Amino acid sequence: MIRIFVLSVVVYGALADPVKNFKDCGSVSGKINSLDITPCPSFPCQFPKGKDVSVTISMTANAQVTQAKTVVHGIIDGINTPFPIDQPDACQDMTCPVNNGSSVTYKNSIFVRTVFPEIRLAVKWEIKDQSGQDFICFEVPVEITG
Ligand SMILES: *[C@@H]1O[C@H](CO)[C@@H](O)[C@H](O)[C@H]1NC(C)=O
């Protein structure tokens, strides 16, 4: 019994890293309940080049969201640089529409290209709703590693 419990904790830990102290950078039509970034056991999140980083967000809407778009920026020395997203339609990564008061889970991943410089930056991740305002927005410190 105890053994099974310990095993499931270890497996869960390997699959998901709940991020505690992320900055909410202006969620308007939603609220973030939990954020998992893998890998990101602590700040700065270390993103290994040539690998995928997965992002899972559980959130609750406080307005109806019918369309949504993923917008990611890297902030380097205060300068916002767009990060190209293969699939910007966030409704492919969560179930839409999201009704006011409903919770939804969004899952996406980004590939850390090998050409990226090994620097520290902030990653700002927005899901914009049909009116262009932020459904949610979070920001975390990141270090790109070799
Ligand atoms: C969402 O629901 C809450 C609680 O019922 C309500 O106060 C709020 O006005 C609703 N928001 C919108 C945009 O309809």
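When a ligand or atom number is given, it counts from 1 through the structure's own listing order. Worth saying up front: this structure is predicted, and the values here are computed from it rather than measured. In this chain, residues are counted from 1 in sequence order.
With hydrogens and angles left out, the side-chain atoms of S29 and N62 include no donor and acceptor closer than 3.5 Å. Side-chain contact of D134 with S27: a donor-acceptor pair under 3.5 Å is absent, judged by distance alone. Side-chain contact of N100 with Q64: a donor-acceptor pair under 3.5 Å is absent, judged by distance alone.
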Per-pair distances, ligand 1 N/O vs protein N/O, less than 3.5 Å:
residue, atom, partner, partner atom, Å
ligand 1, 2 (O), N100, OD1, 3.2
ligand 1, 2 (O), N100, ND2, 2.4
ligand 1, 11 (N), N62, O, 3.2
ligand 1, 11 (N), N100, ND2, 2.9
ligand 1, 14 (O), N100, ND2, 3.4

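Of the possible donor and acceptor atoms, one in the side chain of Q130 sits under 3.5 Å from a partner among the backbone N and O of T66.
Counting heavy atoms of neighbouring residues, nucleotides and ligands inside a 6.0 Å radius, atom NZ of K49 exceeds 12 of them.
Ring geometry for F116 versus F83: interplanar angle over 60°, hence perpendicular rather than tilted (30 to 60°).
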